Undergrad: 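Once you've had a glance at the structure underneath, I'll fire off some questions.
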Amino acid sequence: MSNLLEIRNVTKVYQRGLLSAHAKVALKEFNLILPENDPSILTVAGESGSGKTTLAMLVLGFITPTTGEILYRGKNITTLRGAERMAYRREVQAVFQDPFAVFNPFYTVDHLLTVPIKQFKLAKSGKDARNKMDEALTAVGLRPEDVLGRFPHQLSGGQRQRINVARALLLKPKLLIADEPVSMVDASLRANILESLKNLHRDHGVTIIYITHDLTTAYHVADTITVLYRGDVVEKGDVETVIRNPQHAYTRLLVDSIPWPNLDQKWGQHSVRSKESQAEFKANAPTP
Amino acid sequence: MNLATTENASSRNAAAAGASPILRVQDLVVTYYTDLGRARALDGVSFTLEAGMKMGMVGESGSGKSTLALAMMRMIKPPGRIEGGHVWVGGTDLQSLDDEGMRKARLSKIAYIPQGAMNSLNPVTRIGEQMVDAIKSHLSGESRQAINDRCVWALKSVDLDPGVFHMYAHELSGGMKQRVCIAIGILLRPEVIIADEPTSALDVVTQRQVMETIDKVQDELNSAVILIGHDMGLMAQTMDRVAVMYAGRLVEVATVREMFTDPKHPYSQALISSLPTLDNRGQFKGIPGLAPSLLRLPSGCAFHPRCPLASDRSRSEKPKVNVLPGGRLVACHIYDQES
Amino acid sequence: MTRVNFKLIAKRLSFLVLVIWAASTIVFFVPRLSPRNALRERFAELARSGGFAPGDIEKLITNMNQQFGLDKPLLEQYWTYLGNIIRMDFGYSLNRYPATVTDIISQALPWTFFLLLFTTILSFIIGNLLGAISAWPKSPRWLRGIATPFVLLTGVPPVIMGVLLLFFIGFRLKLLPLGGPYSIGIVPNWSWDFAVDVLRHQMLPALALVLGSVGGWVLSMRGMGVTIQGEDYVNFAEHKGLTGGRIFRDYYLRNTLLPQVTGLALALGTLVTSALVVEQLFGLPGLGQVLNNAIRSNDFPVIYGIVLFITIAIAVLMAVLEFIYPLLDPRVRNQ
Amino acid sequence: QSPLAATAPKEIAPATPLPEVPRNQTVVLGWGVALSSPIGVTNPWALPGYTHQEGNAFMWEPLMYFAIFKGEYVPWLADSMEYTDDTFTALEIKLNKDAKWSDGTPVTSKDVKFTFDGQLNNSKLPYNAHFTQFVSSTDIVDDLTVKVNFKSPAPRFKFEVLTEKFDTGIPIVPADYLSSKPDVNMEPGSIDIPHSGPYDLKAWNGNQKIFDYRPDWWAVKAGRIAEPAVKRVIIANITGVSMDTVAQRVVNNEFDSALDMRSSVIGNILAQNPEITTHTGSESPFGYLDWWPNSLWMNTQLEPYSDPKVRRAMSLVINRDVINDILYEGAPIATIYPFPLYPNLQAFADTPAVKALEEQYQPRKFDTEESAKLMGEAGFTLNGDGLWEKDGKTIDATIQGFEGIHSDIVPILVEMLRQGGFDAAINFGPDAYQNMADGKAGLYMFGHGASLYDPFEALNLFHGKYSEAIGTSAGNNRFSRYKNPEYDEILDSIAPLSSDDPKFQEGAAKALGIYWRDQIDIPIIQWLHRIAYNQHYWKNWPTAENPAMGTNGAFWAHTGLLVITSLQPSGAQ
Amino acid sequence: MEQPSSLTLFLRYLNRNRGLAVGVVILIGLVLFTVIGLITINPKHAYPLSVATKQPPSLKYPFGTDFFGRNLMAAMVVGMWQTAVIGVVAGGLGTLIGVVLGFTSAYFGGWIDSTIRTICQILTPIPVLLIQVVVAGSLDKRDVTILTMALIVVMLAWMGPTLVIRAQVLTMKERQFVSVAKLSGVGDIAIIFKEILPNLLPFIAAAFVGQVFSAVFASFYLAVLGLGPLREPLLGNIIWAAQLQGAFFNGWWWWPIAPSIGMILILASLALINMGLDELANPRVRKTE
Ligand SMILES: Nc1ncnc2c1ncn2[C@@H]1O[C@H](COP(=O)(O)OP(=O)(O)OP(=O)(O)O)[C@@H](O)[C@H]1O
Ligand SMILES: Nc1ncnc2c1ncn2[C@@H]1O[C@H](COP(=O)(O)OP(=O)(O)OP(=O)(O)O)[C@@H](O)[C@H]1O
Ligand SMILES: [Mg+2]
Ligand SMILES: [Mg+2]
């Protein structure tokens, strides 16, 4: 059985200056296997600076691991060339956090959809392309005539983020990396977008790596979860188990701090043992 | 243990409910005059709040939450304009004050803790200086010692080491900065505190610490707190009352319990049911359609295009605010007859 | 906390050396690319002004070429020249031989220095205040309007400005002297009267420079100001109920002024060039006038010397500002 | 390290405060004080760097001056200076017995011999060429008598070299002081050097130069002149200052005189201050004739200027009437002669022989058609831009000139040439003179600094023996590089003759004819010095009506000493 | 939602950004003056000896005539045209070099970047105008033409745009749409030209205008020092000539006035436009829409 993606012992160290001794270990000996024929949704959670985006960038091939390797369909992604590389580019896609920054402000939002169609030769004719775009937009609940031909700033955040999801739909990737796709979106829209993502997974068998710091949505979207703390995996497993019964102290603190919109689910139910252990995890707060 | 505190708070709130409100907002109207047209960002908002109460203010982005806060502070800047309404704080009508009077009222009567504390502190002066600044602008007669004591008290109230006094903003973490802002906000023990999304940029753990700080401070001052945000979870965790805004109007105000168990307005209902909880894993129910643009609001009830219960009347007539038993406010035609 | 960062200092110093090297190299080779012979021209000029030519001009030129080392291969001259620069020895003026370039610069420098000091400070203060005021939404309308004419004045080259001032204030109104560093016949001395006399003579040239350079500051300050205006901390200051004056001073001006300080060195660069013309126009015996004469007579040691001197001054000023800046701005203090 | 550099002061500041001298005993002159000479150089033999123009003329004196507008010698250090016979091979000089240096020692034969031997033996000194050509020896007869022996007849040596007028001639230098110096060319002089002139240098910096009168000046006692009224001379620096400002400062009585003005400015100075006068009073052309008539010189060795037809064609497109009209308000300044029309030279120009030649060659003629015809003959054709062209190349007619003095005339010439089809342009760069000297360029605006008394020196400028190859320096400003044996023969035959000799007149006319025939250069204008004399504080400036000492009024010339010492107070406070 | 037409929006923008509007209006005025002038006026009259001399402004000679008999009207037209040529050539070249180097530097990074950046930084403190004066002074006068003037000006004027463009490309490069374009299979070159370059147009325009400004200023400066092509009626040359002939003193005030006002208008309009473009390019400075 072949694996779609395999991450083997990947460590990423950011070097500040050329001579600087201060190196930042953003991700430590990370391992992950995503099988090809069993698409799933995997959540990577963790507080700010824990290495989530670094992981996404590694998988997308935008940065190279310091040690370890990332295999796509059994091949190291840094060595991919020609058609294989094109296939990798096409099959591994992303939805990013900021629904504004992904649009080139110079072009209308169509650009986001037409470029991949052209580059990956997804359509036989202009008409075909237009049909495909309409189809994808409709699938995420947008009316094509409402959004096409507009500039990014003329659309709302929700609309923009859904166009992003539509782009992923259009490309029907094998692997979708969603790096905090709803953190900049209104609470009331989150549900809509996550729903689209889930549909994508269900209807097209797309494997999704859902990156978030928001455990509430993670809990709802994912099958399995990996919790990162300063580049280290502190806990991983089935979502239900991890959220309901966290083992690691950090995970417990995290889960306990989730503001559930539920009057019976108040903060402090899984109480943290002592103030000290909380202080231990006070993320990055310099002592005065 | 925490539940117990909540119980305490609610009983205290119940007691306070009888008292006369410390904050009264009436028919506040704000319009932004933009190139593309007039945007009525606040359309006759009225509510009251008693001392010691915490009210959450939720609503989609652009629904006018920050505008409301700024309007209460009389800090709407061009192209915006306050076009009507009153804000009473403890018997003073802020709209009737002259500019100097309003300046004095800020911070001493009504304090605003801004959205994005990350950038709200002057990067080139020490935190202490910024605190002293604020005190001196209001209490000219205060002695050095008194000023110092006040600052130390405020910093301690928000769980910060008094050493912060001598630090610069860039030396603090996000949570600390947010707490410094709160400390500045309470320096003059204002009667009303408005916090605009104080936690949206923080991660969950810090978020919780900040909310607990606000709680604690309020206990000490017994002022009325308005917390703006769009995270229903946060509201459920910390607030006494929740106000829901939609397109510049207040569509529902209710206690937290009522809001989560029995939302009245169709928008509130949709909002509540779209929330993920531990019990409904994997089910999503978004609100269909899109938020309207303030520039071209739908006629009648602004929510009608997305409302499953919309009637012909919703399409043509703006619903007025109905007062339901227990002081609940709902702006929907459905409840017209009940009042 | 403020540890001396030797690595940074070393880096800045080596950068400084590179700047000086680049400037001296440009200045060395450019005039030599032309087939002209400065010495011959110098003699020619002497001959013309005296109405005669020395008998054996060629022989003289050979002599002088030897004396100035101009007969050596270009590269050898270049090395000698670099060596001399390191010792701050710019050689002799061809035109005013036997005066050395260093002599000439040191005589002229005080005039230019004071003129520039005076005008830089004045235009920095006026320009930044006006710029800040014009970008500050609460400043009175008439005050905001005042900035515009100054911006337009940047379009007036210093020559034109100088001529206009001379014509109207000097010729027509006879308010200020028409030129020269001090009144004719006075011997420089350390007296109050002399200082006043000098100041009166500096007024017009300084005015010409200030009027022309204020606009630059207004513009950059305005850009800065508009940026900072929207900053949350300025808004928060208002929420805190601070008075407008205090917000303007402590929150707005302090933040906008800081980055402007770094612009000082480059502004000085432009100002020096303007001063070149203005000094000439007003007959001030400063670096500008010396340089002008040198250019006209192709007195290249003097040209090198002055251009290099100015470059070094600007580069050093830039480095100094870079070191001082952290002291002014706490944000960059520890890193 | 050069000794001159080591000893030259950087700035001369008086050790004790200078005595107060009221404005009405002070004369203020606008001039460059540190433009071409280094501060502190007062020794006439210091080199390079000495110039008499920046006030140093007030310190040094010659054997004799020449009063050009009276046409007579003014004996000075010398009482007399006579050729011993009419073959002009020896000259006897008798010095004044009262002449003294500023240190109180007398000026003697020793100093004269030292001066002459220096010029003869020191190739760096300006008159070395003259001395080596003519002088064989200088003999001391007694303390006050010197005899100069010539190798060949030198009828003009007394006038050209030993007499100071305009910017030529040599001063006598102190033998004792200079002979004690290891290298006379490297000795700055400063305030220490003994000098015979009446003014002592007191202060000198980039802004001004101050001279104070020395009451024990020998010339008063000797009866050469009355006690001067000017007790202080200040040369105020105006280097690079615009003409407007200088003019205005003259109008404001700040300056008593300043460098000469362009034609356009001088009239307005008079209009604005009635106390100011000029050589011709308030009448055009406001100036006196300088010895420096300007021509468009051409390098006659360089294509196409080597073709007399082209040279003539260029002359034919110059309209001298237009020049007079535009630049000089109709005053007849444009000229056809290579020498200034001083009385004696005017007489020469008016001789029937010269008149006949002028009729024959028509040097003043303006005729574009004839010009075009000549150009056609020379093988040129007009191109699309209306410019003469040969082998696809237009004529490089860039006029080399000097910004400060030619900025009015040269643009006009350029335009006239262009209208005549010559591809003209301007070069006022500092390399202009160099281009003239080495002959790489073809066309130059320059004066003939030669004749004052008779036409010989002017004509001698074109002698073939000075015709250097292109690339080597044209000695003594002889830019034409003209070579014509016929012409040389005429000049050689008149060289030993006195100027009043009829043979001389005849030969000179013939040479002038060749000058016109071959159009060796194109004479353009007489050179005028338009100097403003401010009479608010000082009267008795030399003008046409009041010749005073008979010199020109340029204070910067060698004769400036006579101008300043003859000034009389106007009585203004 | 109905959008106002882009023309209305543009006009409204100009109304908000008054400086830009005024600058553009002045510039259009100058261009019209030059173009109409070139059509209707005999350019020969821009040179000496073509008309009566020293005439004050009149119907026949709106700007008067000068000492040498130029019609100052014609001289202004030709001078403006030549100034424009210098400005556009020098500005264009400088900007082009800046854009190419800036992009190369920022996009490829590494040693290329550090070399280009270091060179720029090293050259920055050197007073450009002085060097230009030295260069112009060293040139053979016959070689000084309108074109060489422009080249002299370009010589040390490309560092500014290079650094600006480089900084912009660097931030652009980090923008997410570039990542998205990569994900869409767009190659490096296409990313530069199709994704990044269009967004830099306001910056490039601003850099261009800034370059034109300094080019015009520098050429004017050189001309006023008498280092320009002297026969040409460049505005600086006319002022230079007027100064040499003592125009103010002689009461020929119109002679230096016309070119001075012309130069002030050109430079002021460019300064205003540059300021306006700055506002357009920098969203933080951009006034709210
Ligand atoms: N280019 C870089 N150079 C140096 N350090 C970096 C770089 N990018 C990220 N880091 C550091 O690596 C760590 C992990 O960063 P990363 O962006 O992966 O965190 P994250 O989990 O995505 O955080 P967030 O929730 O804030 O997006 C952080 O400490 C960050 O400061
Ligand atoms: N300065 C302004 N100019 C024009 N329109 C404005 C301005 N400020 C706010 N608005 C408009 O007013 C409306 C209300 O804005 P407001 O900032 O109060 O919303 P909000 O509820 O605080 O949103 P968020 O949750 O995003 O902070 C929005 O539609 C916004 O576009
Ligand atoms: Mg991230
Ligand atoms: Mg808000």
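Proteins come first, then strands; the chains are lettered A, B, ... in the order of their sequence lines, and each starts at number 1. Bear in mind that the values here come from a model prediction, so they are computed numbers and not experimental data. All heavy atoms count here, side chains included; hydrogens, waters and symmetry mates do not.
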Undergrad: Taking every heavy-atom pair that is under 4.5 Å apart, which of B/Ala169, B/Ser137, B/Ala111, B/Ala105 has the most such pairs with chain C?
TA: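 Going by pairs under 4.5 Å, I would pick B/Ser137.
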Undergrad: May I ask you to check whether C/Tyr233 and B/Asn119 show a side-chain donor-acceptor distance below 3.5 Å?
TA: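 C/Tyr233 vs B/Asn119: no donor-acceptor pair found between side chains.
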Undergrad: Go through the structure and list residues passing salt bridge (charged side-chain N to carboxylate O under 4.0 Å, His left out) with B/Glu220, not counting sequence neighbours.
TA: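 Applying salt bridge (charged side-chain N to carboxylate O under 4.0 Å, His left out) to B/Glu220 gives none.
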Undergrad: If you count heavy-atom pairs under 4.5 Å with chain C, which of B/Met73, B/Met75, B/Arg74, B/Glu129 comes out on top?
TA: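 Looking at each of B/Met73, B/Met75, B/Arg74, B/Glu129 in turn, B/Met75 comes out on top.
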Undergrad: Checking heavy atoms, do the side chain of B/Leu70, its backbone, both or neither come under 4.5 Å from chain C?
TA: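 Contact with chain C involves the side chain of B/Leu70 alone.
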Undergrad: Could you give all pairs that pass the salt bridge (charged side-chain N to carboxylate O under 4.0 Å, His left out) test and reach residues 255-273 of chain C, with sequence neighbours left out?
TA: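 Listed once each, the pairs would be none.
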Undergrad: Between B/Asp159 and B/Lys216, does any side-chain N to carboxylate O distance fall below 4.0 Å?
TA: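 Salt bridge between B/Asp159 and B/Lys216, a charged N being under 4.0 Å from a carboxylate O: yes.
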